[in-house]
Amino acid sequence: MSEGSSLAELPIGIFDSGFGGLSVVRAVLDLLPAEELVYIGDTGRYPYGSRSPEDVRKFALQIGRYLADEIGVKLVVAACNTASAVALDDLAGDLPVPVVGVVEAGMRAAAKATRNRRVGVIGTVATVASGAYQKLPSRLGLDVEVCCAACPGFVEFVERGETDSDQVHVLAERLLAPLVAARVDTLLLGCTHYPYLARTIGDVMGRQVVLVSSAEETAFEVQALTASRRLGSNLQKALEPGDRLRAFSSGDVTWFLEVGRRLLGPELAEVRPITFD
Ligand code: DGL
């Protein structure tokens, strides 16, 4: 087997602070059926969104290093907008494998979807404070006006497995009001946890507003990268759903398996514990 093809058969590493990155896992599993994935949910240290940039950077580098050095993945996906917004350049500079983030892909898709050129972006406090999304239109040459809102509390609802309660609806009405008032016609879900709240968010924003999730766009980016670097798996394996994903959590693994399976599906067959200092 040549070096290129053996590298191609390594798994793809994906991480997030908790369950949110499973929205990216779902999209990658569906788009790339020959790939095997390793997921780390850092639930022992979530939420990242209220942490300092230094903490988020440290956690992202620890996990990226673990995936690259200990597991031996062929590429790392930072399936967390907070980590992507704060630490993508550090990860790309530090890791010996290619790194994919979730910030740019989502903005490109939102810019394609908008008709009135007004795009709303919702994310964690740390993501919005990083200014990553606000800088993107001029960096990517996109003719859109971006209106950002932080949504503290959304992630905690998802981590509790509570995705369509009255309480989350009330919170969404309050947090999304500025975006409704700004008449955005497209809303980018700039946190990988938020696709799990899509029904509530869609109800509050109204049917005329297109919701864009960075999960699918990121999967397309992974597909393009694996193709261009000849890293796509070529094995014709008949994998059972549970054999395609190895998952780790730094928090309560029983809870991770229960809620994660509800959010992701049968591919989450087992969750192993992991500890970071
Ligand atoms: N899912 C993550 C994100 O996309 C992190 C949420 C959090 O831990 O606060 O930002």
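All ligand and atom numbering here is 1-based and tracks the order in the structure. These figures come from a predicted structure and were not determined experimentally.
- Taking each of D16, L189, V24 in turn, the one with a heavy atom nearest to atom 2 (C) of ligand 1 proves to be D16.
- The pair R26-D30 meets the salt-bridge criterion, since a charged nitrogen lies less than 4.0 angstrom from a carboxylate oxygen.
- Residues D16 and Y46 have side chains that never bring a donor and an acceptor to within less than 3.5 angstrom of each other.
- The side-chain tip of R160 points at the ring of F157 from less than 6.0 angstrom away and within 45° of straight on.
- The nearest protein atom to atom 10 (O) of ligand 1, hydrogens excluded, is given as T82 OG1, 2.6 Å; this is a heavy-atom distance.
- Proximity to G49 (heavy-atom distance under 4.0 Å) selects the following atoms of ligand 1: 7 (C), 8 (O), 9 (O).
- Taking every heavy atom of N81 and a limit of under 4.0 angstrom, the matching atoms of ligand 1 come to 3 (C), 4 (O), 10 (O).
- Geometrically, ligand 1 and Y46 share no nitrogen or oxygen pair separated by less than 3.5 Å.
- Note: no N/O pair closer than 3.5 Å links T127 and ligand 1 by distance alone.
- Between R65 and D94 a salt bridge is recorded (basic side-chain N to carboxylate O distance below 4.0 Å).
- In this structure, a donor-acceptor pair under 3.5 Å is present between the side chains of T124 and T127.
- Contacts between V155 and ligand 1, counted as non-hydrogen atom pairs separated by less than 4.0 Å, involve the side chain only.
- For ligand 1, the atoms closer than 4.0 angstrom to any heavy atom of H193 are 1 (N), 2 (C), 6 (C).
- Within ligand 1, counting atoms from 1 as listed, the ones closer than 4.0 Å to a heavy atom of T124 are 6 (C), 9 (O), 10 (O).
- Ion pair E35/K74 flagged as a salt bridge, since at least one NZ, NE, NH1 or NH2 atom sits closer than 4.0 Å to an Asp/Glu carboxylate oxygen.
- R57 and Q62 share no side-chain donor-acceptor pair at under 3.5 Å.
- Taking 4.5 Å as the limit, every side-chain heavy atom of T43 sits out of range of all side-chain heavy atoms of W255.
- Around atom 7 (C) of ligand 1, the closest heavy atom drawn from F154, Y194, Y48, F19 belongs to Y48.
- Listed by atom number, the atoms of ligand 1 under 4.0 Å from C80 heavy atoms are 2 (C), 3 (C), 4 (O), 5 (C), 10 (O).
- Considering backbone and side-chain N/O atoms, S17 comes within less than 3.5 Å of an N/O atom of ligand 1.
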